[in-house]
Amino acid sequence: MIDTIKKDFNHFLYNSLNDPQRSAVLHKEKAQQIIAGAGSGKTRVITSRIAHLVINENINPRSIVALTFTNKAAGEMKERLIHTFQSHYKLPFIGTFHSYCLLLLRTNATLLASPNFSILDADDQEDLIKSIMKKYALAKHVTASQIVYQISQYKNKSFVNDKSIKADLQFAPLMKDVYLEYESEKARSHALDFDDLILQILQLLTTNEAFKLSFQKKIRHILVDEYQDTSHVQHSLLRAMALEPASTKDSAPNKLAIDSLCAVGDEDQSIYSWRGATVANMLKFQQDFAPVTIVKIEQNYRSAQPILEAANQVIANNRLRNPKNLWSTRSAKNRILHLYSTSGDHEAKAISTLIKCAPKKKRSDIAILYRTHFQSRSIEESLIHHAIPYKIVGGIRFYERKEIKDLLAYLRLVINPYDKISLLRIINTPSRGLGAKFEEQLLIAWNRNPLFDFIQLLTWMTTDPDGGVTGNKKIAVQDFLKLYTGLEQNQHPSKTLDFIVNEIAYLSYLNDNYDPREAQDKVENVQEFMQAVIVFEQKHANSLLDKTNTVEINTNVLEAFLHEVALLQEKIEEDSPTERIHMMTLHAAKGLEFDTVIMSGLEEGLLPSSKSLNTNEALEEERRLMYVGMTRAKEHLILSSAQSRVTFGQFSDQVISRFVSEIPKGLMQTIDLDEVPIAQAIKFFEQWIGGTSSASFQPSQLPGHMTAPTANPYSAHSASAPSKTVRPATSRPTVPSKPSVSKASSSVPWIKNQTVHHEKFGTGIIVEVQRADDSDFYITALFSAGKKKVLSRFLEKKSF
DNA sequence: CCCTTACGTGTTTTT
DNA sequence: CACGTAAGGG
């Protein structure tokens, strides 16, 4: 059997991979960097390399680690390897940086100050910061989430080898206090945030030589996916994992301590800089792990040629990149369609209509992508209306729902009785008469007894004369404590959860506190959650016997569940048999591919996001997002924009994304659904997506629109480019593709969030635009002096 | 202490 | 619009 697997794999290796791919798989020297364009088969290369090491080189899978950025990417790689290995080989560890560090923390719990730690998600972090802000009266100008973000930025960027984490705080004075308080509260609660998971392991590797040596004795091969998305800290972590102890210092020559190191990346797909990722790590990798063999893979197997060509043209507008030549032999025609609708709802309807024109077997391989989660809602409604099954990937995450987090908090306290965040969350949920006043008392008591766990603390509060809790409150607290003393630690978290839900009458709490529809939803979520715990329990029990299990950790099942859930956004679910459309953000789509990709909301302010209009760096990242989205498509790419959209409950006019106008007109057909009768559009959809797949939209079918398309005065491309697009004479506003060309600024429409300059008011940001007359607009803009409404002729656009 | 109502305020992207 | 926070009455 193993011989068959080996034969099959080698047949694949020598017949199905191209030369650069194969050389990357077979590479024997120590460090290697693979520069792989979109769709060039980089996941394939990584998984094949792992398979090659295990199957042909007889490397122990346990000595191989593959690090990815998202759980999804990891899942995909695992699946492919399981397929190759047919369960005759063990799987190596494949997972995110965070989950690998968590695993290391758990397997080395004895080295930790508190082995039973909780993991804080963004929500918990915010709660904690809010409570600290109260103390410092820091409310007005910053929000808790901004502080959380800043702290994370600091942790990801500022950590330098060998320096203490807290050594060079660069926060404003008050921020520094908040940060330090945050860190100490976290320590007291025996809790770690996501960034800590990585920093803790980095600390261990750099300060504990025995730990490092035993790590390197065990782990001999490391592979990293999406290197362009690594942060400073993650790069340092890799150095610490892979280099000789002496060479962790910057001055000493670097010597690889492991047998092979392989990183894959593509600078054009760097879309996580907001989370501390830096493309510069691609170069740093070449320096720090020198000598590095560089392999470039530039053949794209995924996309039909016009799609790739269009994506190449778009990304070519980025200045901060090295040009590359991604090519495809999959020639085709008419693969890109631009849908122009009148409103967001209209867009949603158009998308549903289009999907209904696709043959059934194509349905499951359609993805709808958008920039932000909230954009999914109108589309969802329309899909439901048209009875099209869909699946949202990573939306409002299951484990972040209020009702689930409440129950998780109860469970977390079982494992970690120091978890202050969880205690504060549920001490009065459901309400048991322990409100704001009690919370105050609790915090005071906690400060007096910093080392108490919650049982000791609550006991102290109700029994000590200084505790200050009497009467009804005392009874309520005692009842709460009784709940926990009634819990038995066992190997069945589902029973523990069951007990809690019953004991606190959680379902009736939900029914009493939410209106029927909402309550019903929440009750169902709770039931699903309880089911997920059971599923986990069984999986866990099996994996202790199963040899595909990566590492055995002797641990409490509940603890394992909580840790798994902390890093997981999706709920644990069995694959559903129905074919469903996939919906997800552009970020979530990275690394995936679909037959048909529908990108919705391609408008200024959405993509590019209004938050990214101020710097060129941010704008270029938005363009990379556009690029990532486009290159997900294999056969058909639909770009969709709407003329107006409801934002904050108000209609606002939208402008087609500049990225759309960066696509050469000859590669894209446009259908303006305000002009084209729906029956005609449907007829075209059926031919295009359902039939010949290269159908072209015939302008001649359009009575009344026989005239040659009018050049778009706003579009830099359109002046003389031959075009088969159907554009009504009343041309839609588009942004020039090169924003820095401000010569034509008088003809360019004024856009919300544009930065402008006024002689008297200084620099401001546009919040509203109204037409004044043929040549002028009333612009409402936010200056440092406040909101002002001025005529556009007194304003000057500022571009960066 | 809890519930209701009235504002007002603000939406990237993920581990 | 839709959420979360601030203020007031029961």
Side-chain angles (χ1 to χ4, degrees), chain A residues 67-74 95-102 119-126 130 134 139-140 143-146 148-149 152 155-156 192-199 226 229-231 233-234 270-277 344 369-378 393-397 399-400 402 428 430-440 471-473 476 512-513 518 563-570 584-590 601 605-613 618 621-622 624-626 628-629 645-652 753 767:
Chain A
L67 300 175
T68 65
F69 259 81
T70 57
N71 292 309
K72 230 169 297 121
T96 62
F97 272 90
H98 297 268
S99 60
Y100 187 56
C101 288
L102 175 59
I119 299 172
L120 305 185
D121 67 13
D123 232 42
D124 302 322
Q125 286 179 289
E126 248 180 70
K130 272 181 195 159
K134 256 186 221 157
K140 286 289 179 302
T143 64
S145 69
Q146 283 170 329
V148 170
Y149 176 76
S152 176
K155 287 188 175 184
N156 274 290
L192 299 176
D193 64 26
F194 286 138
D195 300 320
D196 292 334
L197 297 176
I198 292 174
L199 286 171
E226 312 277 18
D229 284 332
T230 50
S231 71
V233 165
Q234 284 158 336
S270 156
I271 54 174
Y272 285 102
S273 72
W274 49 273
R275 160 184 131 172
L369 310 182
Y370 34 79
R371 177 67 232 266
T372 61
H373 287 298
F374 83 93
Q375 296 175 58
S376 70
R377 263 183 73 169
S378 57
V393 180
I396 312 126
R397 295 173 200 153
Y399 293 108
E400 285 178 9
K402 236 185 274 159
N428 201 32
S431 48
R432 44 173 77 88
L434 302 174
K437 187 82 184 187
F438 179 78
E439 189 177 313
E440 235 171 78
N472 285 340
K473 276 192 202 166
D512 294 346
N513 286 276
E518 221 179 332
H563 281 168
E564 169 142 337
V565 147
L567 295 180
L568 211 67
Q569 67 263 42
E570 316 265 338
M584 68 194 87
T585 63
L586 289 164
H587 283 87
K590 190 160 78 155
L606 288 175
L607 184 70
S609 155
S610 57
K611 308 238 158 145
S612 303
L613 296 174
E621 181 145 317
E622 298 291 306
R624 289 195 291 271
L625 267 176
M626 176 81 182
V628 166
R645 202 173 277 281
V646 181
T647 356
F648 295 136
Q650 275 191 321
F651 269 100
S652 70
N753 293 309
V767 291

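Chain naming here is simple, since letters A, B, ... match the order of the sequence lines and numbering starts at 1 in each. Treat the numbers as computed from the prediction; the structure is a model and nothing was measured.
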Between [options], which nucleotide gets closest to the side-chain atoms of [X]?
X	options	value
Ser431(A)	dT15(B), dC1(C), dC2(B)	dC2(B)
Asn71(A)	dT15(B), dC1(B), dT11(B)	dT15(B)
His587(A)	dT13(B), dC2(B), dC1(C)	dT13(B)
Arg275(A)	dC2(B), dT14(B), dT11(B)	dT14(B)
Asn428(A)	dT11(B), dT15(B), dC2(B)	dC2(B)
Arg377(A)	dG10(B), dA2(C), dT14(B)	dA2(C)
Lys402(A)	dC1(B), dT13(B), dG4(C)	dG4(C)

Do any side-chain nitrogens or oxygens of [X] fall under 4.0 Å of OP1 or OP2 in [N]?
X	N	answer
Arg432(A)	dC1(B)	no
Lys130(A)	dT5(C)	yes
Asn513(A)	dC2(B)	no
Thr585(A)	dT14(B)	yes

**Q.** Under 5.5 Å and under 30°: Phe648(A) stacked on dT11(B)
**A.**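 Given the distance and angle limits, yes, they stack.
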
**Q.** Stacking of Phe69(A) on dT14(B) base (centres under 5.5 Å, planes under 30°)
**A.** no

(Q) Salt bridge check, Arg624(A) against Glu621(A): does any charged N sit closer than 4.0 Å to a carboxylate O? (A)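 Yes, Glu621(A) and Arg624(A) are salt-bridged.
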
Q: Identify whether the distance between the nearest side-chain nitrogen and carboxylate oxygen of Asp229(A) and Arg275(A) falls below 4.0 Å.
A: no

Starting at atom [atom1] of [X], determine the distance to atom [atom2] of [N], rounded to an integer number of angstrom.
X	N	atom1	atom2	result
Ile198(A)	dT14(B)	CD1	C1'	12 Å
Asn156(A)	dT15(B)	CG	C1'	10 Å
Gln650(A)	dG10(B)	CD	P	15 Å
Glu439(A)	dC2(B)	CD	P	12 Å
Gln146(A)	dT11(B)	CD	C1'	13 Å
His373(A)	dC3(C)	NE2	C1'	17 Å
Glu400(A)	dT15(B)	CD	C1'	10 Å
Ile271(A)	dT14(B)	CD1	P	9 Å

Using a cut-off of 4.0 Å on non-hydrogen atoms, how would the nucleic acid contact of [X] be classed: base, sugar-phosphate, or nothing?
X	result
Asp229(A)	nothing
Phe97(A)	nothing
Arg624(A)	nothing

Q. Between Ser99(A) and Thr96(A), is there a donor-acceptor pair closer than 3.5 Å when you use the side chain of the first and the backbone of the second?
A. yes

Q.
Is it the case that the side chain of Glu126(A) and the backbone of Asp123(A) share a donor-acceptor pair, with hydrogens and angles ignored and the cut-off at 3.5 Å?
A. no

(Q) Distance check, C1' atoms only: dG4(C) and dT13(B), in whole angstrom units. (A)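 My reading of the C1' atoms in dG4(C) and dT13(B) gives 22 Å.
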
Q. Which sits closer to the 5' end of DNA chain B, Ala436(A) or Val646(A), going by the nucleotide each is nearest to?
A. Ala436(A)

Q) Does the side chain of Ser652(A) come under 3.5 Å of the side chain of Thr647(A) through a donor N or O and an acceptor N or O? A) yes

Q | Sole residue of Tyr370(A), Trp274(A), Phe69(A) in ring pair (Phe, Tyr, Trp, His ring centres under 6.0 Å) with His587(A) | A | Trp274(A)

